[in-house]
Amino acid sequence: MRNNIAIFAVTFLMALGGGLLVFGRDDTPEASPVASEATTAQSPASPGAPDAGEHAETVQDMAQEAAPAVGASEGSGAASPAQTGANTEIFAAKGCVGCHSVNALDVSGGSTGPDLSQAFVNVPDKHGKELGDFLKEPTSAVMSSVISASPLSDEERETIVNALRVASEQ
Amino acid sequence: MLNKVLTALLGLTSGLLVATVFFADIGKQDDGASTLQSVAEKVYVPQGQKDEYYLLSSGGHSGQLFVYGVPSMRKIRTVPVFSVDAATGYGFDKHSKEMLGGYTWGDFHHPAVSETAGDYDGEFLFANDVANNRIAAVDLTYFHTADILKLPNMGGPHAGVFVTQNTEYIALPTRFARPVSDEYAALDRYDEAYKGIVSMVQFDREERKFNLAYQIVLPPWSYDLSDAGKKVSGDWIVMTTYNTEFATSNQEINASQKDRDYLVLINWRKLADQVATGDVPEVDGVKMVDPRDVEGSIFAVPTPKSPHGVDVTPDGTRFIAAGKLAPLMTVFSFQKAFNAIEQGKFAGEEFGIPVIAYEDVLEREVDPPGALGPLHTQFDDRGNAFNTMFISSEVVKWNIDTGQVLDRKPVFYSPGHATSSEGDTVAPDGKYLIAGNKIAKDSFLSVGPSHPESADLFDISGDTMQHLVSVPVDPEPHYSQMIKADKIKTEVVYAKDENRPNSVWASKDARVERKGNEVHVYGIAMRSKYIFDAEAERPDALTVKQGDRVVFHLTNIDLDQDITHGFGIMDYDLNMEVQPGQTNTLEFVADKSGVFPIYCTNFCSALHQEMSGYLLVEPQ
């Protein structure tokens, strides 16, 4: 009798295990295309623009963090640096692209701050001073904190102003 | 030994049985699982990608336009049209306040995108207000309401708006018959004193202005829906009627007595020619033409019973009535109607309107077994029609040439209109169809006694329809337009126009001008400040006297995408927005003395919280 119980138990478990192996294979969780796409979508493909924070410090941090991650710009039909002679490397070098793009010069960056294509014209209208003076002593809170944390040399400022003058003429 | 073998077999069988019960997919269909997966993929639009179609959907008695993306069915925007909207300041700022004309709500049923050669051109969307007799144009470059026109003599333009194939006219037939000129007449005089009116409106795209070209006076039937002809029928408008019984009370019963009401065919080109001759009377300054005076311009066709929608096929050869109280769709032939008209073959007259016999225009009746309450017809690119069935809660697909029913799918629940992709143009896409449902019942998480309305999205590109998703929507979905996304060309910043009246483009030019008890502010908004007066000690504070009329002209000089500024004045119940590059005006009387903070209501920047100022009102 005991033997029979043992035989039943062994064969039952064999059949159960075999069944699990055969039927259960289909249940192996596989990432559906939807789920995997969703995961992909969550990892930012570009140093995009997080929402503006309440404080200038946040923006400044973002600018500094995002700057090194800036990649190649997308073709947008804008003039290339070779065509315009504008030095566009300065925007990445100084971290401007953490918050700003310059579409007219084919410089892509963040979108938290305004696109700078017309900044050469707009800054005097908005802030009542020329772009170079504004970059030396900004009259907006965000730019004041950005510049005070990372001041520009006279040469750097001149490079930026020249590039943005070219941009505004595109 | 035999005992042991039997025990072993019993063990194996039992184990297999238990394994089968617990692990095998009995009752599940593999293809069902993969179908579900592909349905999810079909509506999933990953971050960074955009939808294929705009769904421009009427907001019913919210009065507004709802914009969705298809196939994701993500709601993108509410565009205020007929009702006040605090979030955008619509109805607060001077321009939109004047456009609304003192009304606070509207009942928007049927949008129509402007057409060129019978196809959507994507420039403007027209909207009807059934409640307050208005028509609106939404500029699809900015998704802003550009103009609203109040229509006299009307009793609710439910049967509009439908555009002729080159948007020559936008037709709005009336639902309720009323005496014209706002006159009083007792309901006992319904037959002779009440009129059904069709407004024929033109729209000047350059000036962005409506013009009420003329009105058509008709018998006091109720005009329910209409459609403009296409190609061979391009000069015609067809309209459904109900209440040909002239019921003036308890319409549910009394307007549902006859087995047939009428379809009305109107030749708008003949009427326009007549109006152009000048030989047309004017009622309250509006040219009003009686089509019975213009030979060949109006005919009636009997149709079963209290019909709702009538829709012209993409090739313009046929018009299809949805029976509502008759459980069938009736296909009529324009050519047969033209033949009867040419031969003068009429079955009689009603109100002086020649009636063409039903059989002389009929091509076929389509009566899917058990399908009840057909309301509207839409089309694909392969000769098929799709009908919503309100009572049996389904969409029926059938072939126009054969009348053969090809597919039926349930919806959740009680659909009114259907909208297919580019489905009322000369060239439908045949990809998607939306059913706009009146009832949601138990489809979504409960929010109490008032359930949301809903919309069902179908993929109609295959032989059978595939239900993709059901989404809750705000009250209330009527008709929509589903237009290919690349047909709409938007601007995201208003162009800098230094000649624009009241605009200021440099902060140093911001100024305040006082003329007696009027105070005009020519100011700017930029992130993150207002400048009302560049010369003032506090450029963002305005001091006025109690009783002064204050006019704020604000230009948003942030010429950047998505930097909209708000402008709320505390305790004055005022708010407006100024979009990038826009100039907007807020006008009011400062009738309360005190100190009233002003602040940006539309989150604009890191220093949005600091974007503020003061209105100081000195007591008299």
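A note on names: the letters A, B, ... follow the listed sequences, proteins ahead of strands, and every chain is numbered from 1. This structure is a prediction, so every number in the text was calculated from the model and none was measured.
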J.: Any side-chain to backbone donor/acceptor pair from B/Ser507 onto A/Asp125? Under 3.5 Å, distance only.
T.: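 Side chain of B/Ser507 to backbone of A/Asp125, a donor-acceptor pair under 3.5 Å: yes, one is there.
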
J.: Counting only heavy atoms not in A/Glu169 (residues, nucleotides, ligands), do more than 12 fall under 6.0 Å from its CD?
T.: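 Check passes, neighbour count above 12.
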
J.: Would one find more than 12 heavy atoms of other residues, nucleotides or ligands at under 6.0 Å from atom CZ of B/Phe143?
T.: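 Enclosed.
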
J.: Just checking B/Asp497: does its CG atom have more than 12 heavy atoms from other residues, nucleotides or ligands closer to it than 6.0 angstrom?
T.: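 Yes, the 6.0 Å shell around CG holds more than 12 heavy atoms from other groups.
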
J.: Does a sphere of radius 6.0 Å around CZ in B/Arg538 hold more than 12 heavy atoms from other residues, nucleotides or ligands, not counting ones at 6.0 Å or beyond?
T.: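 No, because the 6.0 Å sphere around CZ of B/Arg538 holds 12 heavy atoms or fewer from other groups.
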
J.: Are there residues of residues 126-136 of chain A that reach to under 4.5 Å of chain B by heavy atoms, and which ones?
T.: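 The list, in residue order, reads A/Lys126, A/His127, A/Gly128.
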
J.: Verify the neighbour count for atom OH of B/Tyr614: are there more than 12 heavy atoms of other residues, nucleotides or ligands below 6.0 Å?
T.: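 No, because the 6.0 Å sphere around OH of B/Tyr614 holds 12 heavy atoms or fewer from other groups.
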
J.: Given a strict heavy-atom distance threshold of 4.5 Å, which part of A/Thr139 is in contact with chain B: side chain, backbone, both, or neither?
T.: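 Just the backbone, heavy atoms under 4.5 Å.
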
J.: Which value, rounded to the nearest 0.5 Å, describes the distance between A/Ser140 atom OG and B/Leu607 atom CG?
T.: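 With rounding to 0.5 Å, OG (A/Ser140) is 7.5 Å from CG (B/Leu607).
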
J.: Let me know if B/Asp558 has heavy atoms under 4.5 Å from chain A in its side chain, its backbone, both or neither.
T.: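 Contact with chain A: backbone and side chain both.
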
J.: CG of B/Leu559 to OG of A/Ser117: how many Å apart, nearest 0.5 Å?
T.: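 Here the interatomic distance stands at 11.5 Å.
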
J.: Can you measure from NZ (B/Lys496) to CG (A/Asn122) and round to the nearest 0.5 angstrom?
T.: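 If I round to the nearest 0.5 Å, the distance is 5.5 Å.
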
J.: What part of B/Ile524 lies closer than 4.5 angstrom to a heavy atom of chain A: side chain, backbone, both or neither?
T.: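 When you check distances to chain A, no heavy atom of B/Ile524 falls under 4.5 Å.
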
J.: Does B/Glu513 have more than 12 heavy atoms from other residues, nucleotides or ligands lying within 6.0 Å of its CD?
T.: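 Enclosed: over 12 neighbouring heavy atoms sit under 6.0 Å from CD of B/Glu513.
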
J.: Is there side-chain contact between A/Pro124 and B/Lys508, with heavy atoms separated by less than 4.5 Å?
T.: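 They are not in side-chain contact.
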
